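See structure below.
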Amino acid sequence: MLTFLKTAGIIFGLSLIIPLMVWGGSGDWRGALYGWWQWAKIMIGFVVVGGGLGLFVWLTSRL
């Protein structure tokens, strides 16, 4: 569990680079948060698809 929390914290910390780059480049803080939210939605989609596929494979291996 500790490894999961460390990994999640590192991913969250590294994801903060996105709004900082957009804010630094454009000066628009709202645009930076919007860009981060768009990136987060894509990453959530990857997790849902990958998790669903992993769950499917796990369930089919049990049958």
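Any value given below was found using the heavy atoms of this structure, including those in side chains, with hydrogens, waters and symmetry copies removed. Quick caveat: nothing in here was measured; it's all calculated off a predicted structure.
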Would Tyr34 end up clustered with Ile18 when hydrophobic side chains under 4.5 Å apart are linked, directly or stepwise? no

Residues in side chain to side chain contact (heavy atoms under 4.5 Å, CB included) contact with Leu16, at least two apart in sequence or another chain: Phe12

Hydrophobic cluster membership, with links at side-chain heavy-atom distances under 4.5 Å among I/L/V/M/F/W/Y: are Leu14 and Met21 in one? yes

Any side-chain heavy atom of Phe4 sitting closer than 4.5 Å to one from Thr7? no

Establish whether Ile10 and Ile17 are linked, either directly or via other cluster members, by ILVMFWY side-chain heavy-atom contacts under 4.5 Å. yes

Show the nearest heavy-atom pair for residues Ala32 and Pro19, with the distance to one decimal. CB-O, 3.2 Å

So how far is it from Trp36 CH2 to Leu33 CG, rounded to the nearest 0.5 Å? 8.5 Å

With rounding to the nearest 0.5 angstrom, report the CG to CH2 distance, Leu55 to Trp58. 7.0 Å

Which pair of non-hydrogen atoms, one from Val57 and one from Thr60, has the smallest distance, and what is that distance? O-OG1, 3.0 Å

Please determine whether residues Phe56 and Phe46 belong to a single hydrophobic cluster, defined as Ile, Leu, Val, Met, Phe, Trp and Tyr linked transitively by side-chain heavy-atom distances below 4.5 Å. no

Is the closest side-chain donor-acceptor distance between Ser15 and Trp39 under 3.5 Å? no

Are any of the side-chain heavy atoms of Lys6 and Leu2 separated by less than 4.5 Å? yes

